[in-house]
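Single-structure report; data block below.
Quick note: residue numbers are just sequence positions, from 1.
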Amino acid sequence: MTQTIVIVGGVAGGASAAARARRLSESANIIVFERDSFISFANCGLPYHIGGTIEDRDKLLVQTPQSMKARFNLDIRIETEVLSIQPNDMTVTVRERHSKKEYTQAYDQLILSPGARAFVPPFPGADHPLVFTLRNIPDMDKIILKIAHDLPKTATVLGGGFIGLEMAEALVQRGIKTTLVELSNQVMAPVDPEMATPLHQEMRAHGVNLLLGVGVTAIADADQGARLQLSNGGHIDTDMVVMAIGVRPETSLAQAAGITLGARGGILVDDQMRTSAPNIYAVGDAIEVKDLVSGEAALVPLAGPANRQGRIAADVIFGRNSRYQDTQGTAICKVFDQTVAVTGLNEKRLKQLGRKFEMVYAHAADHANYYPGAEQISLKLLFDPSSGVILGAQALGKQGVDKRIDVIATMIRASMTVYDMASAELSYAPPYGSAKDIINQAGFIASNVMEGEHLICQPQQALDCADDPLLVDVREPSEIGRMGTIDNAINIPLPTLRDQLAQLPKDRPILVFCAVGLRGYVAFRILSQLGYQVRNLTGGYTSYLMVDRIGR
């Protein structure tokens, strides 16, 4: 008997489910309903077409309805919206956008992939005609048309997440003077505040007017464009606004059908993508998943997980024992010439969970320093202080960030420890890495902390890690002249430390630091073995500056 599979929504989750279902069954009747005109497109590439990096719009079309039908023999019905689900009857009611014709379609198995919608806050003027969102190709086309037709001189982006950062860059590339407004004290919420400070510097260096700790309370007409009223009493006059505050799972269809939602507001599914309703599955941005590290419910609107979920739903429909193995939120973003990436839990979330953790910082070149073009990577590593199991990591730099976070993401998936990081055998040649990669270095630092061989102080507590600590900067005087130092620190360069021990008291805590932590560790080992009360500032003065500039 021929089985009818109905899929609501395309893009990553729905299109993947449809393609996988056809690969598993040539006889199944597979129907895909998509309310827009595009069945499978690269929504992550939309800002890059707006900015001109991706010149050809057609490059964003992963598959067209015609190509998917030709390759997979699918019944694709675009510009057709599913209005309701009747789980007891195993039918959906649909309406064609242009003809307004409504009809009922029966199914044997139903896969929901409705995605997420842009969050628009309920302040006055949020629906102003100069306000744009960016979730799909029609949204992108509206922004491009606005830029091409009206030649705006100014634009304001609301929100400093992935889309907000990418749109700010795209608008600057189009020669538009751009302001980004973010209610928090940092952009890129998945990373901790100090790891966002270099991004703030990068954006301002490229001309973005970055306003942190400020919200928009209303939008109204101005003489030319729109006026944004700010929570601090100020205002911004702008020619256009891009709303990038975040997304919310699109669950109205499921909720109306009586399908259970989770604690975070997404469609609740099990590890085989089944919903609470028989023969109905859900995938993609609309569903609630379990966080791999914390075990808690999470909403993770990322394309990679959506693709895997679509494949699993199709597998299960055809009797395969595929299971989704939770989400760890591995993500990456380009911010002009910087790249920032994250995996696992951050410090903010670990504190919210009340979970014990330790953290270290490492700063090292992406490849051998003596090979031309080396750039610094900054890495923050969070781990369990009793077992050494890796809990999360964040990295930023100009190049090589992606492969480091991807390696650590794989380690987290395998429940590996900081000792495994120290012993990891990674590829090395001068153009690509170092004999001791930054992953190894972070593992060494964390392993020494685990073994009690390295007592550290976090940059957030540099001035109060002990009662009245003596700060000792072990860098060379020329470095201090270029970069500055921590107030009230004395300078004893590392090569002269053993000759100047008389300057150091044994009855007072000492905090040593250098540029990135390595020379500070050597100084710590010298002094700790000679009976001094000493700690080393993890990540050195580089991390201290990142913390000191939070919110700026």
Side-chain angles (χ1 to χ4, degrees), residues 44-45 48 51 53-55 59 165-166 169 173 188 191 195 197-199 201-203 205-206 304 330-344 360-381 390 392-414 416 418-448 475-476 478-479 482-483 514-522 538-543 545-546:
C44 296
Y48 300 106
T53 302
I54 300 174
E55 296 181 1
K59 295 289 187 183
L165 295 175
E166 291 164 354
E169 180 175 348
Q173 288 176 332
M188 194 65 176
V191 304
M195 297 298 287
T197 55
L199 304 179
Q201 295 172 288
E202 181 74 5
M203 297 178 73
H206 283 84
T330 305
I332 192 167
C333 185
K334 177 181 178 293
V335 184
F336 293 99
D337 296 329
Q338 289 285 330
T339 298
V340 59
V342 60
T343 189
V360 297
Y361 297 85
H363 307 277
D366 69 296
H367 63 252
N369 269 308
Y370 58 82
Y371 188 89
E375 296 284 355
Q376 180 175 277
I377 294 175
S378 293
L379 175 66
K380 179 176 183 176
L381 176 68
I390 306 163
Q394 302 155 42
L396 60 92
K398 289 189 174 182
Q399 56 196 28
V401 169
D402 51 346
K403 71 176 182 178
R404 271 69 183 202
I405 285 295
D406 285 345
V407 169
I408 297 174
T410 303
M411 290 178 162
I412 291 175
R413 177 70 57 175
M416 298 173 78
V418 296
Y419 300 107
D420 296 311
M421 288 183 68
S423 62
E425 185 174 331
L426 305 172
S427 61
Y428 160 61
Y432 304 108
S434 300
K436 289 189 290 188
D437 190 83
I438 189 171
I439 289 176
N440 301 126
Q441 292 184 37
F444 293 146
I445 298 168
S447 298
N448 287 335
R475 294 175 296 163
E476 295 299 319
S478 59
E479 295 177 75
R482 291 195 309 270
M483 298 177 61
C514 61
V516 298
L518 178 57
R519 283 172 291 175
Y521 172 62
V522 175
T538 179
Y541 189 60
T542 300
S543 291
L545 285 179
M546 293 165 67

Among residues at least two apart in sequence or on other chains, which ones pass salt bridge (charged side-chain N to carboxylate O under 4.0 Å, His left out) with [X]?
| X | result |
| --- | --- |
| E375 | none |
| E169 | K334 |
| R519 | E479 |

Mind listing the closest non-hydrogen atom pair of [X] and [Y] along with its distance?
| X | Y | result |
| --- | --- | --- |
| C333 | M188 | CB-CE, 4.0 Å |
| I377 | V401 | CD1-N, 4.2 Å |
| G520 | C514 | N-SG, 3.2 Å |
| Y521 | N448 | OH-ND2, 3.3 Å |

Side chain proximity check, [X] to [Y], heavy atoms < 4.5 angstrom:
| X | Y | answer |
| --- | --- | --- |
| I405 | V342 | no |
| M421 | M416 | no |
| Q441 | L518 | no |
| L199 | V340 | yes |
| Q394 | L379 | no |
| Q201 | Q338 | no |

Could I get the full list of side chain to side chain contact (heavy atoms under 4.5 Å, CB included) partners for [X], not counting sequence neighbours?
| X | answer |
| --- | --- |
| P431 | Y371, A429 |
| I412 | L292, V293, Q328, T343, I390, I408 |
| A446 | V360, L381, F383, V418 |

*Can you tell me how far the OH atom of Y361 sits from the OG1 atom of T538, to the nearest 0.5 Å?*
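Answer rounded to 0.5 Å: 7.5 Å.
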
*What is the distance from atom CG of D337 to atom NZ of K398, rounded to the nearest 0.5 Å?*
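It is 5.5 Å, given to the nearest 0.5 Å.
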
*Got a sec, which residues hit side-chain hydrogen bond (donor to acceptor under 3.5 Å, both in side chains) with H363, two or more places apart in sequence or on another chain?*
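Partners of H363 under the side-chain hydrogen bond (donor to acceptor under 3.5 Å, both in side chains) test: S378, S543.
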
Do the side chain of [X] and the main chain of [Y] share a donor and acceptor less than 3.5 angstrom apart?
| X | Y | value |
| --- | --- | --- |
| T339 | V335 | no |
| N440 | A424 | yes |
| T542 | A515 | yes |
| Q399 | G373 | yes |
| T330 | A409 | no |

*Which side-chain hydrogen bond (donor to acceptor under 3.5 Å, both in side chains) pairs, counting each pair once, include a residue from residues 419-434, with sequence neighbours left out?*
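Pairs touching residues 419-434 that pass the test: Y370-Y428, T417-D420, Y419-E451.
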
_According to ring pair (Phe, Tyr, Trp, His ring centres under 6.0 Å), who are the partners of F444, at least two apart in sequence or on a separate chain?_
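F444 satisfies ring pair (Phe, Tyr, Trp, His ring centres under 6.0 Å) with no other residue.
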
*Could you tell me which residues satisfy ring pair (Phe, Tyr, Trp, His ring centres under 6.0 Å) with F336, sequence neighbours excluded, listed by chain and number?*
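Per chain and number, F336 pairs via ring pair (Phe, Tyr, Trp, His ring centres under 6.0 Å) with H206.
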
*Any pair counted as salt bridge (charged side-chain N to carboxylate O under 4.0 Å, His left out), so long as it reaches residues 360-370, sequence neighbours left out*: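 Listed by first then second residue: nothing to list.
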
_salt bridge (charged side-chain N to carboxylate O under 4.0 Å, His left out) pairs, two or more places apart, involving residues 432-447_ =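 Listed once each, the pairs are R404-D437.
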
